[in-house]
Amino acid sequence: MKIGYFLSSEEYGPQELLDQARMAREAGFSGLWISDHYHPWNDVQGESAFVWSIIGALSQTVPGMPITTGVTAPTVRIHPAILAQAVATTAVLTGGAFRFGVGTGEALNEHVLGDAWPEADVRLEMLEEAVELMRELWTGKQVSHYGTHYAVENARIYTLPEKTPEVYVSAFGPKAAGVAARIGDGFCTVGPEKELIQKFRAGAKDGAVVQAGLKVRYSSDAAEARATAHRLWPNDALPGELAQILPTPAHFEQAAELVTEEQVAETIACGPDIDLHLERIQAYADAGVDELYVQQVGGGHEEFFAAYREHVLPTYH
């Protein structure tokens with residue numbers, strides 16, 4: 001399993017993200033994930049830069065380093081025809097090192113233009129049509145498309161990479177995993193979901209890559225690490241479909257009042273115990289993940305990268 005670094009657009013500003021990417025490359029991380037949000041999950045996180053600007057800068061800051069969006073919803077907030085152009089340009093800038101991670105999204109980000117937020121099955125239909133439309137546009141041909149959810153008329157993308165961009169699809173349930181297997185070149189998840197990964201692999205093409213994300217708070221003070229993770233990322237411990245349907249950061253803050261520090265520590269490895277970090281990481285390898293992207297929350301990146309360079313990356317690279 002390869003270990004990459006997860007850039008959090010919700011917690012860090014543009015320059016901080018570029019600095020982290022540079023440190024990740026110097027430490028030996030194999031690639032980058034970057035989140036695509038209009039809002040952070042809560043006001044304490046405090047950031048949410050436009051991801052396509054950041055990726056353009058990353059292409060020049062860490063040239064050639066693989067980058068994946070984790071993940072973009074090409075369905076409501078931005079039309080898939082516009083994202084097809086953004087992805088094509090990004091693939092050119094990165095020399096083909098960009099993978100387009102997509103999913104059905106969250107109301108938190110996608111309702112901001114006043115559109116209705118569809119139920120899950122409809123969102124999956126929209127995602128499938130969006131991916132089909134983007135791939136058609138990446139042929140470089142003039143496209144007119146009048147589908148169930150999207151219309152495109154006389155559209156042609158001129159700036160194209162040499163190779164068609166790969167699409168990695170996120171899924172949180174068996175039906176979505178089936179869709180991901182049918183339409184995706186790879187799979188994205190945020191947990192060591194062995195059954196979902198097996199469901200994906202059962203229907204996916206040979207060689208399809210499984211990516212996943214993991215948050216940690218590496219710090220010399222375990223109590224401080226747990227408190228920081230709880231302050232910044234209590235939403236990680238919210239159950240069920242809340243993450244997909246709550247519409248504002250304020251709603252996430254209200255729901256997160258029920259989340260304890262102990263619950264957050266169950267999902268985010270906190271403190272200096274490198275064995276704990278390795279245990280959490282190994283769970284993803286055991287579940288069948290090919291590429292794991294680790295996110296350090298709450299700052300302290302110099303300490304984090306030094307510890308992972310010495311104690312974690314040699315185990316997996």
For a ring pair (Phe, Tyr, Trp, His ring centres under 6.0 Å) with Y5, tell me which candidate from F305, Y293, W33 qualifies.
F305
So, E303 and Y308: side-chain donor and acceptor under 3.5 Å apart, yes or no?
no
Under 3.5 Å, is there a donor-acceptor pair between the E125 and T148 side chains?
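Result is no, nothing qualifies.
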Non-neighbouring partners of D121 that pass salt bridge (charged side-chain N to carboxylate O under 4.0 Å, His left out), sequence neighbours left out:
K175
When you measure from the side chain of [X] to the backbone N and O of [Y], does any donor-acceptor pair fall under 3.5 Å?
{"X": "E129", "Y": "Y150", "value": "yes"}
{"X": "T139", "Y": "K141", "value": "yes"}
{"X": "R99", "Y": "D185", "value": "no"}
{"X": "H311", "Y": "L278", "value": "no"}

Restricting to pairs with a member in residues 255-270, which pass salt bridge (charged side-chain N to carboxylate O under 4.0 Å, His left out), not counting sequence neighbours?
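Found R226-E261.
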Less than 4.5 Å apart, any side-chain heavy atom of [X] and any of [Y]?
{"X": "V87", "Y": "W138", "result": "yes"}
{"X": "F98", "Y": "T68", "result": "no"}
{"X": "Q282", "Y": "Y316", "result": "yes"}
{"X": "D43", "Y": "E253", "result": "yes"}
{"X": "D290", "Y": "K2", "result": "no"}
{"X": "P247", "Y": "L108", "result": "no"}
{"X": "L196", "Y": "P174", "result": "yes"}

For [X], give me all partners under side chain to side chain donor-acceptor pair (under 3.5 Å), at least two apart in sequence or on another chain.
{"X": "T104", "value": "none"}
{"X": "S9", "value": "none"}
{"X": "T267", "value": "none"}

H111 and H39 aromatic ring geometry - parallel, tilted or perpendicular at 30°/60° bounds
tilted
Sequence neighbours left out, cut at 3.5 Å: what donor-acceptor pairs do the side chains of residues 227-246 make with other protein atoms?
from	atom 1	to	atom 2	distance (Å)
T228	OG1	E224	O	2.9
T228	OG1	E224	OE2	2.6
H230	NE2	V259	O	2.8
W233	NE1	E11	OE1	2.9
N235	OD1	Q45	NE2	3.4
D236	OD1	K215	NZ	3.3
D236	OD2	K215	NZ	3.3

Between D275 and R280, is a salt bridge (charged side-chain N to carboxylate O under 4.0 Å, His left out) present by the stated rule, with each step listed?
CA-CA 9 Å; D275 288 337; R280 296 288 177 87; over 6 Å; no
For residues 161-173, please give each side-chain donor-acceptor pair under 3.5 Å, one per line with the distance, not counting sequence neighbours.
from	atom 1	to	atom 2	distance (Å)
E166	OE1	Y168	OH	3.2

Run the ring-ring contact (aromatic ring centres under 6.0 Å, His included) test against H149 and tell me which residues pass, sequence neighbours left out.
none
Does anything in [range] pair up under side-chain hydrogen bond (donor to acceptor under 3.5 Å, both in side chains), and if so which pairs, sequence neighbours excluded?
{"range": "residues 54-66", "answer": "none"}
{"range": "residues 74-95", "answer": "R77-E110"}
{"range": "residues 21-30", "answer": "D19-R22"}

Each residue besides L113 in its hydrophobic cluster should be listed here, by chain and number; the cluster joins Ile, Leu, Val, Met, Phe, Trp and Tyr at side-chain heavy-atom distances under 4.5 Å.
Y38, V112
What closest approach, in Å, do [X] and [Y] show between heavy atoms, and which atom pair accounts for it?
{"X": "I281", "Y": "L214", "value": "CG1-CD2, 3.8 Å"}
{"X": "Q296", "Y": "Y12", "value": "O-OH, 3.0 Å"}
{"X": "L83", "Y": "A73", "value": "CD1-O, 4.2 Å"}
{"X": "F6", "Y": "I34", "value": "CE2-C, 4.3 Å"}
{"X": "R217", "Y": "G299", "value": "NH1-O, 2.8 Å"}
{"X": "Y284", "Y": "V190", "value": "OH-O, 3.3 Å"}

In E291, M1, R201, the residue satisfying side chain to side chain contact (heavy atoms under 4.5 Å, CB included) with V210 is R201
If two hydrophobic side chains count as joined below 4.5 Å and joins carry through other members, does V71 share a cluster with I78?
no
